[in-house]
Enquirer: 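Once you've had a glance at the structure underneath, I'll fire off some questions.
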Amino acid sequence: MIVLFTDFGWQGPYVGQMKAVLAQHAPAQPVIDLMHDAPVFRPRAAAYLLASLVTGFPVETVFLAVVDPGVGSQQRRPCVMHADGRWFVGPDNGLFNLIARQATTYEIWEIDWRPDCLSDSFHGRDLFAPVAAMLAGGELPPMTSTNLADRPADWPPELAEIIYLDQFGNAMSGLLGTQTDPAAELKVNHHRIPYARVFAEVPQATPFWYVNSNGLVEIAMNQANAAQRLGLEIGMAVSRSQASGLSGGAFGRDF
């Protein structure tokens, strides 16, 4: 299967144009729209988000991932990565670095193949989609073995920032649930947020943090929009602190 992960948005022609290429070159392959609202222009935040999602897919899945503010420039190379049996096609701008770091084994190549017509601004359609179709069909395009770009080498194993806001106003962070003590509070935008296991354990419109189904720490409210009420944005710092006995509605400021 081919799995799409982009910041293109669900409106406009871009996803449809890319899927048309896949339908032409890999008509027998199912195409899964995983995300088209990845953090816009933010390959760093998107890297932590993508890394949390891949393990639910079988080996030989081809991820076509495009968060590419440097498209058409020399800022990044077009690349293919094979990590723990899964394929990844997209820009070498850090988007795949967390997956490589977490993988048992991986290889990466720079894509040498070029289509007859390559636009300057839409490599997702013209370059990455055809290559993803080739890989899904068992064909390797012309490419050269290389290493991941070292520009994001200082990225930590987990990211203490908000990396995604969903339609409900829940704020996903790059913090790992396995590294976060339920006794801890989170601090974000001058608020102190306590832990709850599920939404139903807190009163309506009460903020809390929990470990989401992808294993990341997420800030939410029961039946309310946490992002709006707490003023949360992608890129905002999130820190952990030991609980101070606060519970219920006692927080660092009103909301």
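Position 1 is the first residue of the sequence, and the numbers go up from there. Not measured: the values here are computed from a predicted model.
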Enquirer: Looking only at non-hydrogen atoms, find the nearest pair between Pro91 and Asp68 and report the distance.
Expert: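 Heavy-atom minimum between the residues: CB-OD1, 3.5 Å.
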
Enquirer: Kindly compute the distance separating CE (Met1) from CD (Glu60), expressed to the nearest 0.5 Å.
Expert: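 Output value for this atom pair is 11.5 Å.
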
Enquirer: Less than 4.5 Å apart, side chain to side chain, heavy atoms only: is that true for Leu49 and Met35?
Expert: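 They are in contact (side-chain heavy atoms under 4.5 Å apart), so the answer is yes.
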
Enquirer: Looking only at side-chain N and O atoms, does Tyr195 offer a donor or acceptor that is under 3.5 Å from a partner on Asp181?
Expert: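 The criterion, which ignores hydrogens and geometry beyond distance, is not satisfied for Tyr195 and Asp181.
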
Enquirer: Among Leu159, Asn93, Leu98, whose side chain to side chain contact (heavy atoms under 4.5 Å, CB included) with Arg44 holds?
Expert: Leu159

Enquirer: Could you walk me through whether Leu50 and Ile99 pass side-chain contact (heavy atoms from CB on, under 4.5 Å), step by step?
Expert: CA-CA 8 Å; Leu50 179 60; Ile99 295 168; 3.7 Å; yes

Enquirer: So do the side chains of Lys19 and Asp33 get within less than 4.5 Å of each other, counting heavy atoms only?
Expert: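 Heavy-atom side-chain distance check passes, below 4.5 Å.
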
Enquirer: Check whether Ile193 and Phe168 end up in the same hydrophobic cluster, where Ile, Leu, Val, Met, Phe, Trp and Tyr are linked by side-chain heavy atoms less than 4.5 Å apart.
Expert: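 Result: no, two separate clusters.
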
Enquirer: Shortest non-hydrogen contact from Ala205 to Ala224?
Expert: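 Shortest heavy-atom separation between Ala205 and Ala224 comes out as CA-CB, 3.8 Å.
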
Enquirer: Take Val31 and Leu4, measure what side-chain contact (heavy atoms from CB on, under 4.5 Å) needs, and give me the verdict at the end.
Expert: CA-CA 7 Å; Val31 177; Leu4 305 182; 3.8 Å; yes

Enquirer: Once you round to the nearest 0.5 Å, how far does CG of Leu176 lie from CG of Asn214?
Expert: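 One finds 11.5 Å between CG of Leu176 and CG of Asn214.
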
Enquirer: Any idea which heavy atoms bring Val188 and Ala237 closest together, and the distance?
Expert: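 Taking Val188 first and Ala237 second, the nearest heavy atoms are CG2-O, 3.5 Å.
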
Enquirer: Give the minimum heavy-atom separation between Lys187 and Ser241, together with the two atoms involved.
Expert: CE-OG, 3.5 Å

Enquirer: Within the distance-only criterion (no hydrogens, no angle test), does the side chain of Arg125 pair as donor or acceptor with the backbone N or O of Ala20 below 3.5 angstrom?
Expert: no

Enquirer: Less than 4.5 Å apart, any side-chain heavy atom of Asn222 and any of Val202?
Expert: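 Yes, their side chains come closer than 4.5 Å.
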
Enquirer: Do Phe199 and Tyr210 have their ring centres less than 6.0 Å from each other?
Expert: yes

Enquirer: As an exercise, state the distance from CD of Gln102 to CG of Asp84, rounded to the nearest 0.5 Å.
Expert: 9.5 Å

Enquirer: Report yes if some heavy atom in the side chain of Thr6 is under 4.5 Å from a heavy atom in the side chain of Tyr14; otherwise report no.
Expert: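 No, too far: nothing below the 4.5 Å cut-off.
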
Enquirer: Does a sphere of radius 6.0 Å around CD in Glu233 hold more than 12 heavy atoms from other residues, nucleotides or ligands, not counting ones at 6.0 Å or beyond?
Expert: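 Atom CD in Glu233 is not crowded, with 12 or fewer foreign heavy atoms closer than 6.0 Å.
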
Enquirer: Strictly by ring pair (Phe, Tyr, Trp, His ring centres under 6.0 Å), give each pair with a member in residues 55-78 just once, sequence neighbours left out.
Expert: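 Every ring pair (Phe, Tyr, Trp, His ring centres under 6.0 Å) pair that includes a residue of residues 55-78, provided the two are not neighbours, is Phe57-Phe63, Phe63-Phe88.
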
Enquirer: So, taking the atom named OG in Ser239 and the one named CD in Glu185, what distance separates them when rounded to the nearest 0.5 Å?
Expert: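 Result: 10.0 Å between the selected atoms.
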
Enquirer: Has Asp120 got more than 12 heavy atoms of other residues, nucleotides or ligands less than 6.0 Å from its CG?
Expert: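 No.
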
Enquirer: Before you tell me yes or no, could you show the steps for Ile163 and Leu216 under side-chain contact (heavy atoms from CB on, under 4.5 Å), namely the whole-Å CA-CA distance, both residues' side-chain angles and the distance that decides it to 0.1 Å?
Expert: CA-CA 10 Å; Ile163 61 172; Leu216 297 179; 4.0 Å; yes

Enquirer: Of all the heavy-atom pairs spanning Val54 and Arg86, show the shortest one and how long it is.
Expert: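 Heavy atoms of Val54 and Arg86 come nearest at O-NE, 3.3 Å.
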
Enquirer: Check whether any side-chain N or O of Arg77 sits under 3.5 Å from a backbone N or O of Thr146 as a donor-acceptor pair, and report yes or no.
Expert: no

Enquirer: Check for a donor-acceptor pair, side chain of Trp155 on one end and backbone N or O of Tyr48 on the other, with a separation under 3.5 Å.
Expert: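 Here the side-chain-to-backbone pair does not exist.
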
Enquirer: Can Tyr164 be reached from Phe8 by stepping across I, L, V, M, F, W or Y side chains whose heavy atoms are under 4.5 Å apart?
Expert: no

Enquirer: Applying the side chain to side chain contact (heavy atoms under 4.5 Å, CB included) test to Val238, which of Asn189, Leu175, Leu232 qualifies?
Expert: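 Filter result, single survivor: Leu175.
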
Enquirer: Which value, rounded to the nearest 0.5 Å, describes the distance between Cys79 atom SG and Leu95 atom CG?
Expert: 8.0 Å

Enquirer: Supply the members, apart from Phe41, of the Ile/Leu/Val/Met/Phe/Trp/Tyr cluster built from side-chain contacts under 4.5 Å; use none for a lone residue.
Expert: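 Taking Ile, Leu, Val, Met, Phe, Trp and Tyr as members, Phe41 shares its hydrophobic cluster with Val40.
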
Enquirer: Please name the pair of heavy atoms, one in Phe5 and one in Ala46, separated by the smallest distance, quoted to 0.1 Å.
Expert: CZ-O, 3.8 Å

Enquirer: Do Leu34 and Val67 belong together in a cluster built from hydrophobic side chains that touch within less than 4.5 Å?
Expert: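 Yes, one cluster joins them.
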
Enquirer: Name the orientation class of the two ring planes belonging to His82 and Trp87 (parallel below 30°, tilted from 30 to 60°, perpendicular beyond 60°).
Expert: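 Judged by the thresholds at 30° and 60°, the geometry between His82 and Trp87 is tilted.
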
Enquirer: Would you kindly confirm whether Ile111 and Leu22 end up in one hydrophobic cluster when ILVMFWY residues are joined by side chain heavy atoms under 4.5 Å apart?
Expert: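 Looking at the clustering, Leu22 is in the same group as Ile111.
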
Enquirer: Can you confirm whether Ile108 sits close enough to Phe96 that some side-chain heavy atom of one is under 4.5 Å from a side-chain heavy atom of the other?
Expert: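 With C-beta onward as the side chain, the pair stays apart.
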
Enquirer: Please check if the side chain of Asp92 supplies one atom and the backbone of Glu110 the other of a donor-acceptor pair under 3.5 Å.
Expert: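 No.
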
Enquirer: Looking at side-chain heavy atoms only, is the closest gap between Trp113 and Pro130 below 4.5 Å?
Expert: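 Yes, side chains in contact.
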
Enquirer: Let me confirm one number: the CD-CG distance from Gln29 to Leu135, rounded to the nearest 0.5 Å.
Expert: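 Going from the CD atom of Gln29 to the CG atom of Leu135 covers 10.5 Å.
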
Enquirer: With a 4.5 Å cut-off on side-chain heavy-atom distances among I, L, V, M, F, W and Y, is there a chain of contacts connecting Ile2 to Leu127?
Expert: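 Ile2 clusters together with Leu127.
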
Enquirer: Verify side-chain contact (heavy atoms from CB on, under 4.5 Å) between Tyr106 and Leu148, making sure each step is shown before the conclusion.
Expert: CA-CA 11 Å; Tyr106 77 91; Leu148 285 167; 4.2 Å; yes

Enquirer: Would you say that Leu118 contacts His123 through its side chain, given a criterion of any heavy-atom pair below 4.5 Å between the two side chains?
Expert: yes

Enquirer: Do Arg240 and Val217 have side-chain heavy atoms sitting under 4.5 Å apart?
Expert: no

